[in-house]
Amino acid sequence: MIVGHLGPMNPEKMDSFLTDFEKQKASRLRITTYTEEGDPILSDLYYDGKQINYTFDNTRDKHGGNQKGKDRTSCNKIEKRSVKREGSTKGLEYILTDCKEIIGFHSGDKKEIFLMLKDQ
């Protein structure tokens with residue numbers, strides 16, 4: 001699945017991963033997000049039927065500074081929830097929760113990892 005400035009492409013892949021999680025069926029998903037400069041950031045999810053192993057890789061981000069690297073954690077839940085963005089745009093937000101460590105795209109005050117936002 002690819003996420004760019006125009007939003008996610010192939011968002012049905014995220015829904016398939018979520019369905020597999022709900023059915024406790026092993027599943028994999030790679031999310032490639034592009035920076036404003038066009039550099040890829042990779043988020044790999046592997047669900048083994050018990051937990052989600054998550055890898056966040058921003059080593060290819062040429063403008064990432066000294067914080068570049070590959071980080072790994074495991075999470076027990078993935079959630080989809082309705083959100084309202086700036087203005088009146090409604091969307092679905094996909095997040096990882098109940099994680100050993102909070103890595104990648106996240107809000108410091110929330111104990112969750114942001115995966116993507118899809119307009120409704």
Side-chain angles (χ1 to χ4, degrees):
M1 187 176 81
I2 298 173
V3 179
H5 298 293
L6 299 175
M9 297 172 71
N10 304 336
E12 66 277 359
K13 291 183 178 186
M14 177 62 83
D15 290 323
S16 291
F17 184 86
L18 188 60
T19 299
D20 289 345
F21 173 79
E22 291 167 350
K23 293 179 179 179
Q24 296 183 316
K25 178 183 171 189
S27 190
R28 293 179 182 266
L29 178 66
R30 170 170 276 182
I31 302 169
T32 305
T33 306
Y34 289 93
T35 66
E36 288 182 20
E37 298 83 16
D39 298 330
I41 297 175
L42 307 175
S43 296
D44 290 316
L45 294 99
Y46 171 67
Y47 179 61
D48 62 8
K50 295 182 182 180
Q51 69 179 7
I52 299 167
N53 294 299
Y54 175 66
T55 303
F56 180 82
D57 178 359
N58 65 349
T59 57
R60 300 174 190 174
D61 182 1
K62 294 175 189 156
H63 299 78
N66 295 331
Q67 301 300 319
K68 293 191 295 187
K70 270 189 187 182
D71 291 315
R72 291 178 178 85
T73 192
S74 60
C75 304
N76 292 317
K77 296 179 187 171
I78 182 169
E79 299 176 13
K80 171 174 71 170
R81 64 182 175 211
S82 293
V83 294
K84 189 172 181 178
R85 293 175 32 190
E86 296 176 20
S88 61
T89 305
K90 291 183 180 179
L92 293 173
E93 182 176 63
Y94 295 80
I95 57 167
L96 294 172
T97 61
D98 194 13
C99 302
K100 285 186 180 177
E101 292 181 69
I102 302 300
I103 62 172
F105 299 121
H106 65 278
S107 175
D109 59 338
K110 295 182 181 179
K111 300 284 186 192
E112 57 193 35
I113 298 170
F114 176 80
L115 296 173
M116 72 168 236
L117 180 70
K118 176 174 76 170
D119 288 340
Q120 277 184 310

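Treat the numbers as computed from the prediction; the structure is a model and nothing was measured.
Residues Arg60 and Leu42 have side chains in contact (heavy-atom distance under 4.5 Å, counting atoms from C-beta outward). Contact annotation: the side chain of Lys70 approaches that of Arg72 to within less than 4.5 Å [non-hydrogen atoms, C-beta and beyond]. For the pair Asn53 and Leu45, the minimum side-chain heavy-atom distance is 4.5 Å or more. In this structure, the side chains of Pro40 and Thr32 come closer than 4.5 Å at one or more pairs of heavy atoms. Counting heavy atoms from C-beta outward, Tyr47 and Ile78 have side chains that stay 4.5 Å or more apart. The shortest side-chain heavy-atom distance between Asp20 and Glu22 does not fall under the 4.5 Å cut-off.
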- Message: Pair Lys90, Val83 - check side chain to side chain contact (heavy atoms under 4.5 Å, CB included), show working.
- Response: CA-CA 6 Å; Lys90 291 183 180 179; Val83 294; over 6 Å; no
- Evaluate the criterion ring-ring contact (aromatic ring centres under 6.0 Å, His included) for residue pair Phe17 and Tyr94; output intermediate values, then yes/no. CA-CA 11 Å; Phe17 184 86; Tyr94 295 80; over 10 Å; no
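Nearest approach of Cys99 to Ile113, heavy atoms of both residues: SG-CD1, 3.8 Å. When all heavy atoms of Asp15 and Lys118 are compared, the closest pair comes out as OD2-NZ, 3.1 Å. Phe21 and Lys77 get closest at one heavy-atom pair: CZ-CA, 3.7 Å. Nearest heavy atoms, Lys111 versus Ile102: C-CD1, 3.6 Å.
Counting only N and O atoms by type, the side chains of Ser74 and Tyr54 include no donor and acceptor under 3.5 Å apart. When only modelled atom types and interatomic distance are considered, Asp44 and Thr55 share no side-chain donor-acceptor pair under 3.5 Å.
Atom OG in Ser16 sits 16.0 Å away from atom CZ in Arg28 (nearest 0.5 Å). The structure places OG of Ser43 at 6.0 Å from CZ of Phe105, a figure rounded to the nearest 0.5 Å. Here Ile41 contributes atom CD1 and Asn58 contributes atom CG; the two are 5.5 Å apart, rounded to the nearest 0.5 Å. For the atom pair OG1 (Thr35) and NZ (Lys62), the distance works out to 9.0 Å, reported to the nearest 0.5 Å. Distance check: Ile95 CD1 to His106 NE2 gives 13.0 Å after rounding to the nearest 0.5 Å.
With salt bridges taken as basic N to acidic carboxylate O contacts below 4.0 Å, none links Lys68 and Asp39. Note on Glu112 versus Arg81: salt bridge recorded, some NZ/NE/NH1/NH2 to OD/OE distance being below 4.0 Å.
In terms of hydrophobic clustering, with Ile, Leu, Val, Met, Phe, Trp and Tyr side chains grouped at heavy-atom distances under 4.5 Å, Leu117 and Leu96 are assigned to a common cluster.
Judged purely by atom type and a 3.5 angstrom limit, Asp71 has no side-chain atom pairing as donor or acceptor with the backbone of Phe56. A donor-acceptor contact shorter than 3.5 Å links the side chain of Asp48 to the backbone of Gln51.
Across Leu115, Leu92, Thr19, a single residue satisfies side-chain contact (heavy atoms from CB on, under 4.5 Å) together with Met14, and that is Leu115.
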